[in-house]
**Q** 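Once you've had a glance at the structure underneath, I'll fire off some questions.
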There are 2 protein chains.
Amino acid sequence: MTARTQESPETGSSRIYAILRKELLSGHFAAGEKLAINALRERYQVGLSPLREALNRLAAYGLLVQENQRGFRVPALRREELEDITRLRLELEGMALEQAIEQGDADWEAELLAAAHRLKRADASTERGEEWERLHTQFHRTLVAPCGSQWLLRFIEQLHDQFDRYRRLGATLASVREELDEQHQQLVSLALARDTVAARRLIEAHVTISFELALKRFQRSA
Amino acid sequence: MTARTQESPETGSSRIYAILRKELLSGHFAAGEKLAINALRERYQVGLSPLREALNRLAAYGLLVQENQRGFRVPALRREELEDITRLRLELEGMALEQAIEQGDADWEAELLAAAHRLKRADASTERGEEWERLHTQFHRTLVAPCGSQWLLRFIEQLHDQFDRYRRLGATLASVREELDEQHQQLVSLALARDTVAARRLIEAHVTISFELALKRFQRSA
DNA sequence: ATGATTAAAAAAATCGATTATTGTGGCGGA
DNA sequence: TCCGCCACAATAATCGATTTTTTTAATCAT
């Protein structure tokens with residue numbers, strides 16, 4: 001466990017934020033869709049204020065588009081944006097991984113092994129639900145965690161979220177899935193071996209494969 | 001003029017957001033200060049809802065810290081964060097400038113010259129008010145605008161805002177000020193000459209000088 | 001038909017009041 | 001004196017109702 005020191009107690013607004021974020025990442029809403037606030041209000045059983053506060057946060061974060069006097073909508077998916085997000089992921093995650101490998105300590109190694117193990121167990125099971133998603137996110141987060149830059153981590157996380165909207169457009173073929181799973185294991189090996197060059201190459205390959213997959217799905221859906 | 005195509009009409013919430021953002025960048029609030037919502041409500045003559053929505057957005061953007069059930073506070077200033085922000089600025093703005101120089105067209109050249117000219121005129125006058133800040137921001141924005149990555153531009157803007165909280169901690173000596181002004185002109189020359197290598201070196205020097213200045217101010221204020 | 005005009009409906013934004021939570025100060029007991 | 005407990009005050013969060021704006025639909029003139 002990443003032993004976080006006590007998040008601030010949940011509030012209606014933060015609860016809705018977390019729920020909506022998940023649903024936006026999982027593709028529960030259609031791209032470009034306009035959000036019907038009253039329907040949401042009813043669905044989650046909250047008042048307008050906390051709901052609107054959550055929507056405002058999501059818009060500032062980039063998971064919604066806010067048009068004054070016209071409410072909120074789910075951002076469209078565009079091929080060029082997927083390419084943009086991917087290019088930046090390559091740069092930023094490559095950068096972060098190198099620094100993480102240089103700076104990560106023994107605790108990091110332990111946490112990385114743990115995160116990889118949990119993910120591998122989830123890989124094995126045929127079902128890939130929310131739990132796998134959580135573990136997968138957690139693995140990648142752990143991988144770059146000790147890079148030393150809070151802002152870099154923040155941006156990477158934001159890009160991950162954006163990328164997920166494309167990645168989760170459809171299911172993955174078992175063969176590709178295995179390759180990606182395998183890469184997670186190799187990333188751990190290279191990280192523990194402190195092989196920054198090979199690790200960076202691998203994370204770039206990893207992101208690239210995911211990109212190509214997401215691109216195919218996007219084109220199919222368009 | 002950058003001829004933006006009609007922003008969506010202003011709303012109470014977006015108005016307050018813009019005002020508070022400016023005030024947060026200019027150092028109007030003390031670092032670490034807790035925001036008294038009722039005082040703000042009175043000061044800007046708005047209701048709670050639009051005010052809180054603006055605060056939520058600012059928190060998601062990183063200009064405020066939100067603690068559930070404890071309202072909002074201005075983030076503390078920390079030396080390591082300034083260093084973090086600066087490191088990332090070096091990477092991201094360097095990257096963006098290279099790409100902008102490769103991809104910028106004739107319109108960009110024209111706009112860049114225009115932005116530089118307006119800034120130079122403002123440099124000349126002894127007073128450096130909000131207007132100079134606006135032109136300065138606009139110059140740097142124009143410089144990297146055609147880099148081709150919306151997300152990169154977004155992150156750079158966000159880092160600029162964060163950096164400003166440190167930069168505007170105090171006034172600049174005339175001598176250093178002149179050097180920075182001079183660099184703006186040189187950046188234009190190098191951009192027009194499509195000298196990516198030298199331009200990147202210069203923007204890095206520019207950011208570094210600003211960093212050293214900001215660091216001194218921070219240490220004095222601490 | 002087409003396009004402009006406007007009345008009605010729907011939706012977004014805002015307000016003022018209520019509820020829930022946190023912070024504060026006093027009091028009593030160790 | 002110091003700590004824990006409680007009541008009270010202050011603040012944050014939420015609610016339901018109201019106001020404003022946009023969207024839709026219908027009417028009329030060209």
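Per chain, numbering begins at 1; letters A, B, ... match sequence-line order. The structure displayed is predicted, hence computed values, not measured ones.
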**Q** Rounded to whole angstroms, how far apart are CD1 on B:Ile37 and C1' on C:dC15?
**A**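 Checked: the CD1 to C1' distance equals 15 Å.
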**Q** A:His136 and A:His160: aromatic ring centres closer than 6.0 Å?
**A**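 Centroid separation for A:His136 and A:His160: 6.0 Å or greater.
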**Q** With a 4.0 Å cut-off on heavy atoms, is A:Leu48 in touch with a base, just the backbone sugar-phosphate, or nothing at all?
**A**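 The residue A:Leu48 makes base contact.
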**Q** Are OP1 or OP2 of D:dT14 and a side-chain N or O of A:Thr11 less than 4.0 angstrom apart?
**A**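 Yes, within the criterion.
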**Q** Quickly work out the B:Glu53 CD to C:dC15 C1' distance and round it to whole Å.
**A**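 Roughly 12 Å, once rounded to whole Å.
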**Q** May I ask you to say what B:Asn68 touches in the nucleic acid, namely base, sugar-phosphate or nothing, with a heavy-atom cut-off under 4.0 Å?
**A**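 Sugar-phosphate contact only.
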**Q** What is the distance, to the nearest angstrom, from the CD atom on B:Gln45 to the P atom on C:dT14?
**A**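 B:Gln45 atom CD is separated from C:dT14 atom P by 15 Å.
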**Q** On DNA chain D, check which nucleotide each of B:Ser49 and B:Ala36 is closest to and give me the residue with the more 5' one.
**A**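 Looking at the nearest nucleotide for each, B:Ala36 comes out on the 5' side.
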**Q** In whole angstrom, what separates A:Asn38's CG from D:dA17's C1'?
**A**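 Those two atoms, CG and C1', are 13 Å apart.
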**Q** So, B:Trp108 versus B:Gln103: side-chain donor-acceptor pair below 3.5 Å or not?
**A**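 B:Gln103 and B:Trp108 do not have a side-chain donor-acceptor pair below 3.5 Å.
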**Q** When the nearest nucleotide of DNA chain C is assigned to B:Gly12 and to B:Gln69 on a heavy-atom basis, which residue is associated with the more 5' position?
**A**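 Result: B:Gly12.
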**Q** Where the side chain of A:Lys34 is concerned, which of C:dT14, C:dA11, C:dC15 is the nearest nucleotide?
**A**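 Taking heavy atoms from C-beta onward, the closest nucleotide is C:dA11.
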**Q** Select base, sugar-phosphate, or nothing to describe what B:Arg52 touches, counting heavy atoms under 4.0 Å on all strands.
**A**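 Contact class for B:Arg52: base.
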**Q** Just checking, any donor-acceptor pair under 3.5 angstrom between side chains of A:Asp161 and A:Tyr61?
**A**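 Side chains of A:Asp161 and A:Tyr61: pair found under 3.5 Å.
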**Q** To the nearest Å, how far apart are B:Leu40 CG and D:dA13 P?
**A**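 Whole-Å distance recorded here is 13 Å.
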**Q** Using whole Å, report how far CG of B:Leu55 lies from P of D:dA12.
**A**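 In whole Å, D:dA12 P and B:Leu55 CG are 10 Å from each other.
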**Q** Figure out the CG/C1' separation between B:Asn56 and D:dA13, and round it to whole Å.
**A**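 My rounded result for the distance is 11 Å.
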**Q** Just the rounded figure in Å: distance from P of D:dG16 to CG of A:Leu51.
**A**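 In whole Å, D:dG16 P lies 14 Å from A:Leu51 CG.
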**Q** Using the side-chain heavy atoms of A:Ser13, tell me which of these nucleotides is nearest: C:dC15, D:dC15, D:dT14.
**A**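 Per side-chain heavy atoms of A:Ser13, the pick is D:dT14.
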**Q** Exactly one of B:Lys22, B:Arg15, B:Arg21 should register a side-chain contact (heavy atoms from CB on, under 4.5 Å) with B:Ile19. Which one does?
**A**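 So, applying the side-chain contact (heavy atoms from CB on, under 4.5 Å) to B:Ile19 and each of B:Lys22, B:Arg15, B:Arg21, only B:Arg15 qualifies.
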**Q** List for me each residue that meets ring pair (Phe, Tyr, Trp, His ring centres under 6.0 Å) alongside B:Phe29, sequence neighbours excluded, and say none if there are none.
**A**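 Scan of B:Phe29 (ring pair (Phe, Tyr, Trp, His ring centres under 6.0 Å), adjacent residues dropped) gives none.
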